[in-house]
Asks: 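Below: one structure in structure tokens.
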Number of protein chains: 2
Amino acid sequence: MGVITGAMQDYLKAIFKLQQDRSAVSTSEIAARMRVSAASATSMVKRLARLRLVAYTPYRGFALTSAGERIALETIRHHRLLELYLAQHLGVSLDKVDGEAERLEHVLSEEVEARIAATLGNPTHDPHGDPIPAKDGTLHDVHHPTLRHLPPGQAGVVDRVSDSHPDALRRLAGLGVLPGVAIKMVAHRSGGCQVEIGGRTLTLPRELTQGVYIQWLTAPTKP
Amino acid sequence: MGVITGAMQDYLKAIFKLQQDRSAVSTSEIAARMRVSAASATSMVKRLARLRLVAYTPYRGFALTSAGERIALETIRHHRLLELYLAQHLGVSLDKVDGEAERLEHVLSEEVEARIAATLGNPTHDPHGDPIPAKDGTLHDVHHPTLRHLPPGQAGVVDRVSDSHPDALRRLAGLGVLPGVAIKMVAHRSGGCQVEIGGRTLTLPRELTQGVYIQWLTAPTKP
DNA sequence: CGCGAATTTTAGATGGCGTTAAAAATCTTT
DNA sequence: AAAGATTTTTAACGCCATCTAAAATTCGCG
């Protein structure tokens, strides 16, 4: 009956991330995220709806139920604990921990999860700076501004870089865009932005900027 | 094409263990071992045969091919390294490591496997005393003493000669070291040992002795 | 040897997860 | 608002991995 497979966990995780701001997620969004045909996405969403893990209205999109969100958060917790453990205790490089954790997260027992968390000192953030959900589902700082939200002329500090696109992560690391680094917005361009970092000026395409979460050095005027 | 699933790895592992003495394994044996119906076992064996991982004759049983054995040994290596790692580095109790390793073994990358092995100091036995296959598929039979374990002055009979190193096997055969032959240990030397066989005295280098499994003519004192 | 018993294989379902192609619904645009 | 474009769903298929029931084969015993 209520068998939650690894693939389902992956979809739930992806839906969770997609619905951060938006209230509902569309079939094409999840299909693109999972690199799957729209038809496959539909059938999976229907399966998840049958298990009451998403609320789904045909042609109108879907959103996680609280049960679905619970599983998404558990899976993300597994993922981020594993990333941190692999990096700190087995010396796996940062651009590889995501892929490794992606497979391990689905077969991690509650017991081993607890032992890993304890060994790490119950950490609250993974090696990319992303927050690790607590056992009770608490997740800190979800609505961080990204680089795109930094107005021209304003400087900020990179808070964390999302692990959802490993190759983007690697390219950014190569450009020196790492947590803790100061960054200044020069100008917004169509399809990206021009920034100043470590004295150099770079133009970052859109797909690289959207995973870069920042802190403003001086708070901007709230919208 | 050649996608080896976790279930296939489990079957290959089980077939490997069942065929230790016997030359062929039957459908009912593997079905019982995997707690699965005979029909399921048949269909899986047919899948494995299609991938050339087992040699299968309908109604007559089956055995691993060398490709199948390689995968079985890799899986067993993953399993036993994980058991040891979970016990030593995460404090998982011995009665639980098997179940945990059972799920993790199928998603362990070569890289993490290597890092775990290195962290453990490239161990040769898991916490239950079972030998851990080496990367090249070498497996030291733990319950079976090899020539090296024969004390000086003690005589034994060659039980079997490992087939994992065909050229060593050939050289040993040329020297008369064959199953059923009586052999007497004269002295242990650095890097090998001196033995008496068929009235002649030979000095065998280490790489030749380690695949020679023996039986003692008189049992040694138990530890 | 031959026949009943045991083993093994085949046939046909089911469910998960993916595909492509076509139909249905919704959006967009004039 | 109708037509055309886009999105979404359905239909039909394939593969894995399991099941039950029935057919085929082999074994064992009188």
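Hydrogens, waters and symmetry mates are skipped; everything else that's a heavy atom, side chains included, is used. Every value quoted in this text rests on a predicted model; they were computed, and no experiment measured them. Every chain is numbered from 1, with letters handed out A, B, ... down the list of sequences.
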Asks: Would you tell me if any nitrogen or oxygen in the side chain of B/Arg47 comes within less than 4.0 Å of OP1 or OP2 on D/dC15?
Replies: no
Asks: So which of A/Leu178, A/Leu202, A/Leu204 actually passes side-chain contact (heavy atoms from CB on, under 4.5 Å) with A/Ile197?
Replies: A/Leu202
Asks: Please determine which of B/Arg80, B/Arg77, B/Lys13 meets the side chain to side chain donor-acceptor pair (under 3.5 Å) test together with B/Glu105.
Replies: B/Lys13
Asks: So, the side chain of A/Arg33 versus the backbone of A/Ala14: is there a donor-acceptor pair under 3.5 Å, distance only?
Replies: no
Asks: Rounding to an integer number of Å, can you tell me how far A/Ile30 CD1 sits from C/dG18 P?
Replies: 11 Å
Asks: Could you work out, with salt bridge (Lys or Arg N to Asp or Glu O under 4.0 Å) as the rule, every residue matching A/Glu74, not counting sequence neighbours?
Replies: A/Arg70
Asks: Rounded to the Å, how far apart are B/Arg35 CZ and D/dT18 P?
Replies: 14 Å
Asks: Got a list of protein N/O to nucleotides 1-3 of chain C N/O distances below 3.5 Å?
Replies:
none

Asks: To the nearest 0.5 Å, how far apart are CD1 in B/Ile116 and CG in B/Asn122?
Replies: 12.0 Å
Asks: Rounded off to whole Å, could you give me the CG-to-C1' distance for the B/Leu53 and D/dC16 pair?
Replies: 15 Å
Asks: Which letters describe nucleotides 8-13 of chain C, given B = protein heavy atom under 4.0 Å from base, S = only from sugar-phosphate, - = neither?
Replies: BBB---
Asks: Tell me, please, which residues at least two apart from A/Glu69 pass salt bridge (Lys or Arg N to Asp or Glu O under 4.0 Å).
Replies: none
Asks: What is the nucleic acid contact for A/Thr5, judged by heavy atoms within less than 4.0 Å: base, sugar-phosphate only, or nothing?
Replies: sugar-phosphate
Asks: Can you see whether A/Asp126 engages A/His79 through a side-chain donor-acceptor pair at a distance of less than 3.5 angstrom?
Replies: no
Asks: Has A/Tyr11 got a side-chain N or O lying under 4.0 Å from the OP1 or OP2 atom of C/dG16?
Replies: no
Asks: Report each atom pair, protein N/O against N/O of nucleotides 4-6 of chain D, whose distance is under 3.5 angstrom.
Replies:
none

Asks: When we call it a touch if two heavy atoms are under 4.0 Å apart, what does B/Ser40 touch: a base, just sugar-phosphate, or nothing?
Replies: base
Asks: Only pairs at least two apart or in different chains count here, so list each side-chain hydrogen bond (donor to acceptor under 3.5 Å, both in side chains) that has a residue in residues 35-63 of chain B.
Replies: B/Ser37-B/Ser40
Asks: Within this structure, what is the CZ-to-P distance between A/Arg50 and D/dT9, rounded to whole angstrom?
Replies: 16 Å
Asks: For A/Tyr213, is there any backbone N or O sitting under 3.5 Å from a side-chain donor or acceptor partner on A/Arg160?
Replies: no
Asks: Could you please spell out the steps behind the side-chain contact (heavy atoms from CB on, under 4.5 Å) verdict for A/Met185 and A/Leu147?
Replies: CA-CA 8 Å; A/Met185 177 63 61; A/Leu147 199 47; 4.3 Å; yes
Asks: Rounded to the Å, how far apart are A/Ile4 CD1 and C/dC17 C1'?
Replies: 16 Å
Asks: Using modelled atom types and a 3.5 Å cut-off, is there a donor and acceptor pairing between side-chain atoms of B/Gln19 and backbone atoms of B/Leu64?
Replies: yes
